[in-house]
Amino acid sequence: MSSHILTVSDDPEYRKRTMPEVIHYPERRRFQIDINGLEAGYISYTEHNGSWDVDHTEVSPNFRNQGIARMLVDALTAYAEAHDIPLTASCDYAARFIG
């Protein structure tokens with residue numbers, strides 16, 4: 001019989017409570033994460049004929065090295081996939097995951 005030790009990071013309820021929320025601001029063409037009232041980071045895009053070009057990803061210095069940029073890319077790509085929006089990336093960081 002094998003056992004699995006559940007670590008805090010494996011617990012989906014813990015992650016749901018501790019992971020920052022990614023908010024889509026379509027009027028600003030960006031997805032953003034705010035932590036404790038501060039803008040932690042954002043990813044922006046431009047629209048061209050029904051597709052999006054991801055053009056910039058930025059994380060504030062105080063929030064770097066916490067996976068914020070990857071969370072933003074993941075949220076944007078999940079949204080685009082769910083809404084059948086083709087993606088390209090002129091942002092070097094995002095291009096590592098898109099395309």
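Take Glu21 and apply the side-chain hydrogen bond (donor to acceptor under 3.5 Å, both in side chains) test, not counting sequence neighbours, and it matches no residue. Looking at residues two or more places apart in sequence or on another chain, you find no side-chain hydrogen bond (donor to acceptor under 3.5 Å, both in side chains) involving Ser51. The side-chain hydrogen bond (donor to acceptor under 3.5 Å, both in side chains) test applied to His48 returns Thr46, not counting sequence neighbours. Taking Glu58 as the reference, Tyr42, His56 meet the side-chain contact (heavy atoms from CB on, under 4.5 Å) condition, with sequence neighbours excluded. The ring pair (Phe, Tyr, Trp, His ring centres under 6.0 Å) search around Phe63 returns none, not counting sequence neighbours. Applying the salt bridge (Lys or Arg N to Asp or Glu O under 4.0 Å) rule to Glu47 yields the partners Arg29; only residues at least two apart in sequence or on another chain are considered. Residues meeting the side-chain hydrogen bond (donor to acceptor under 3.5 Å, both in side chains) test with Thr88, sequence neighbours left out: Asp53.
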Compile the donor-acceptor pairs under 3.5 Å between side chains in residues 67-80 and protein atoms, sequence neighbours left out, one pair per line.
| from | atom 1 | to | atom 2 | distance (Å) |
| --- | --- | --- | --- | --- |
| Arg70 | NE | Asp74 | OD1 | 3.0 |
| Thr77 | OG1 | Val73 | O | 3.0 |
| Thr77 | OG1 | Asp74 | O | 3.1 |

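Ala94 approaches Thr57 most closely through the heavy-atom pair CB-OG1, 4.3 Å.
Within the structure, salt bridge (charged side-chain N to carboxylate O under 4.0 Å, His left out) pairs that include any residue of residues 89-99 do not occur (at least two apart or interchain).
Following chains of ILVMFWY side-chain contacts shorter than 4.5 Å, one cannot reach Ile23 starting from Leu38, and the two form parts of different hydrophobic clusters.
Ser90 and Asp55 share no donor-acceptor pair across their side chains, judged by distance under 3.5 Å alone.
To the nearest 0.5 Å, atom CD1 of residue Ile33 and atom CD of residue Gln66 are 10.0 Å apart. Note: Ile98 CD1 to Trp52 CH2 = 10.5 Å, rounded to the nearest 0.5 Å.
Between Phe31 and His24, the ring-plane angle classifies as parallel under the 30° and 60° cut-offs.
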